[in-house]
Every structure is written in structure tokens, then in C-alpha cells.
Amino acid sequence: MKKEKKTIFIETYGCQMNFSDSEIVASILKDDNYSIGQDYKSADIILINTCSIRDNAEQRVRKRLKEFNSLKKKKPRLIIGILGCMAERLKEQLLEEEKAVDLISGPDSYRNLPELLRTAFEGKKAVNVLLSLEETYADISPVRYDSNGINAFISIMRGCENFCSYCVVPGTRGKERSRNPETIIREARELYHSGFRDITLLGQNVNSYSFTENEQLTDFPDLVKAVALVNPLLRVRFATSHPKDLSEKLIDTILAHENICRSIHLPIQSGSSKMLKLMNRKYTREDYMLRIESIKNKILDCSISTDIIAGFCSETEEDHKDTLSLMEWAQYEYAFMFKYSERPGTLAAKKLPDDVPEEIKARRLKEIIDLQQKLSLQSNKKDIGKVFEVLIEGVSKRSKEHLFGRNSQNKVVVFPANGQKPGEYIKIKVTHCTTATLMGEIY
Ligand code: 5AD
Ligand code: SF4
């Protein structure tokens, strides 16, 4: 007997990897005769794909659960599931704390979701938080259910074994494993043929991508090259690179292929070597500077972005100033900036007191953000008068008469519409800018 189709609403928090995982979840559940809905109020099942990286990420989910809980009072048959890092970190404890939750599934157990849902529909709590040494979901074609049809992410590896002392990820996503390159290239080809033009290869630490089969090793530069060769009209990006192993080979590979984007996300975290040591980042300020110099000497038009943590354990005013001076030196185009948030179970939580007072963390973060605003504006101003090839992504949010897209450097460019369509490339001459956007005219 054909079973009635139930609708699932998936809400995703956190990083790009989580958004990519939600597309895998959608694929697994569609194959099990569920449909993916756009409105949580009419869904039979709500799945929240969660993030644990900072405490406020978890608090947002807790708040959202309160709303879903009141919906469940009106709709008692509604199933609520927690996926992702919070599921992995808190396991059964979440069932105790959040009475509305019926299902818990960690990042490596999504193939088991159909089974878990059946258990939940029988009125029993369903939990699978086993981490795997092999799972890469290599054979699953993600369902791009919330896509603009131009940009797509491909997960190339899972897990992380760097054990940065502040980070919860090694505990929630387990051992590092790389996906078979053939399946990645096949996915890139399929995306290209479906009209996608900008692909981001995703991993916690893409530079340690490594896959060996029949004594044939594919490293990260080999993989990026193979994806770039799918078609010159397909742009290739990647995130995130760890400074300790961004290789010369990768820099040379980017240089050799115009469609590998001139934009590298290279998180520094702190400009103080003392902090970097406590963070277990395995590089010094000077090592990092040499990496940036090497990139900038070879790829003249490369943009660099970063992640920064303010107020890590025992950070002094001098350490903080080291971060500010490093930012000035690197002239970052963009940065993701955070206050340190102690995470249970991490090396830092076990060994280092979270001793920078909240007001000092906040003030340092503000100084970092203010400086980055200045640097972003400076960098954008330098682009005035330059001509960029822009991949059009859609209509500008501010004006229907304008389109927007991005250049190879990952900057958003807005220009007057003149019959062009998303997915096309167009040359734009930059005429003016704000901190976040370049504005220009068709060249
Ligand atoms: N507190 C604050 N920021 C963190 N990040 C990771 N863990 C923490 C934490 N405990 C930041 C890092 C990382 C980014 C994804 O999140 O900057 O690069
Ligand atoms: Fe966390 Fe460091 Fe791994 Fe990034 S590289 S996920 S910060 S442990």
C-alpha cells in the first residue's frame, strides 16, 4: 500500500556545511516518500539542523523550540526533530530538557532518519548520535530545495581533527574523512548542466582533503583543478582553509585556472602568537604573514577574508592590539568576528579559565568590527574605476531596476538591469561603493 506523503519543514542554523547537510537530509527523506515544505505551520514534521559553535547559536534554537512547542500543543501529532551539532553534543539530555523534541539525529546518522521517523510516529522517542569513521554521504544527490539555481555547495569532506582549543566541532562532527573525488566531480558536472555557475567546495579544513584509491592520491589542489576543468564558465570557490596547510601547490593551481575564484578565506583567529599557541592553531603570527605574502605575491588580485575571536582566555590588551595591527597589515576584504564563547568539553573549557570580562570582550569585538568596516570600505574604494566580470545572481533587494552578482573576489556588485538574466556573466565598471557593496555600470 502506498503511504500518504507527509511534509517536512527543515530549518537550518549555523555554517554552510549545515545548509549542505540539510540538502542531504532532504534527499534521503524525499527518497522515503516525504515531501519538503516551505511553511512550518502546515508541516507534519519539523527538523531543526542545529549549530553548537557558540552558546548564542544554541540559545536561538532553544527559543525557536518554544515556538514549535506551542504549535505542538495545537497539533499533537507534529513531530519535532533536532539534527546536527547540538543533537550530537547534548544527545539524550536534550529529550529531558526539551519536552517537545521527539527525535535526535547527529551529523553522521542521517541515513537512519526514515527509521527514526517511523519510531517517532509510533509515539516513541528516537535517537541516533553515532559518529562514523567513513560516512561522507558520497552517493547522495543533495536536493537543492532552497536554491537560487546559480550558487551551490558541495561537501567534500566531513569532521575535523585539528582540535583548536576553543572549538566544539571535533567533538560534534568526529574524525576527518574525505569523499571520493569522482562523486564530487560528477556532482559538479550535474550542477553545471542544471544551470549552476558558482560552486563552493566545503570542508572544515579543505586543505587536508586527501583521497587514495588504487594507490592514486588526490589532494585538494588536484580536486579543485578537476572541478575547475568541468567547464570554464563554472566558478569554483572553497572554504575553509587552515593557514597551517594552505600549500604553494594550491596557490599555483588557483593562478593557473581563471575560474578558480580569487578569494581565499584564511581565518587568523588572533594576531598574537601567544593566543594562537593557547588556541592550538599550530602557526604563529609570522607563519601566517608569510602565507598571506605568498598568496598576494602570486595572485595579485586575490581578496582575503578571515575569522577573528575577541577575548579568548587570558587575552591582554597587548594581544588584542596584535590582532588589530595584523588586520591592518593584512588589509582584509571581509571578516567574521566573534566574542569568545566557552564550549563545554573543549580543550579550553577543560584547561583555560574564560577570564576576560564580558564588557572587555564586547569592547574589543567592537574595535575589531569598526576596524574591519574601515578596511572593507578602503578595499572597495580601491576598486572604483576597475572592470570586473560579474556572475549575475538576481534582482537587487533594494531596487527592481538593478541586478546584483559577485565578482571573482566574492564582492557583491550592483548595476542597472538591461535585460540580463541570472547565471550570465557581464563586465561591470565600478563607479562607487559602500562598505558592503560595489556599484557600477555595464562596461
Ligand atoms: N567562540 C567564539 N568563536 C568561535 N569559533 C569557533 N569556536 C568558537 C568559540 N568557542 C569561530 C572561529 C571559527 C568560526 C567558524 O567560528 O572563528 O573560525
Ligand atoms: Fe574547529 Fe579548528 Fe576544526 Fe575549524 S579547524 S572546525 S576551528 S577545530
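Values below: every heavy atom of this structure, side chains too, minus hydrogens, waters and symmetry copies. Atoms within each ligand, like the ligands themselves, are counted from 1 in listed order.
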Donor-acceptor side-chain pairing of Asn410 and His265 below 3.5 angstrom: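 No, no side-chain donor-acceptor pair sits under 3.5 Å.
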
Near atom 1 (Fe) of ligand 2, meaning under 2.8 Å, the protein N/O/S atoms are Cys167 SG

Under the 3.5 angstrom rule, does the side chain of [X] hit a backbone N or O of [Y] as a donor-acceptor pair?
{"X": "Asn259", "Y": "Leu234", "result": "yes"}
{"X": "Arg189", "Y": "Val227", "result": "no"}
{"X": "Asn148", "Y": "Asn151", "result": "yes"}
{"X": "Lys91", "Y": "Glu88", "result": "yes"}

Quick note on ligand 2: atoms under 4.0 Å from a heavy atom of Arg281 include exactly 2 (Fe)

Exercise. Is the distance between the ring centroids of Phe68 and Tyr40 under 6.0 Å?
Worked result: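 Yes; Tyr40 has its ring centre under 6.0 Å from that of Phe68.
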
I'd like to know if Lys321 pairs up with Glu318 as an ion pair, taking the criterion as any Lys NZ or Arg NE/NH1/NH2 lying under 4.0 Å from an Asp or Glu carboxylate oxygen.
no

Separation between CD1 (Ile268) and CE (Met279), nearest 0.5 Å, reads 9.5 Å

Under 4.0 Å from ligand 1, residues with heavy atoms, in chain and number order, are Ile53, Arg54, Tyr166, Gln269, Asp307, Ile309, Phe338, Lys339, Tyr340, Ser341, Arg343

Worksheet item: Given Phe415 and Phe404, is the ring-ring contact (aromatic ring centres under 6.0 Å, His included) satisfied, shown in steps?
Response: CA-CA 6 Å; Phe415 59 95; Phe404 81 98; 9.1 Å; no

Assess the residue pair Lys411 and Ser379 against the criterion (side chain to side chain donor-acceptor pair (under 3.5 Å)); give the C-alpha distance rounded to whole Å, side-chain angles, the decisive distance to 0.1 Å, and a yes or no.
CA-CA 10 Å; Lys411 289 188 180 179; Ser379 161; 2.7 Å; yes

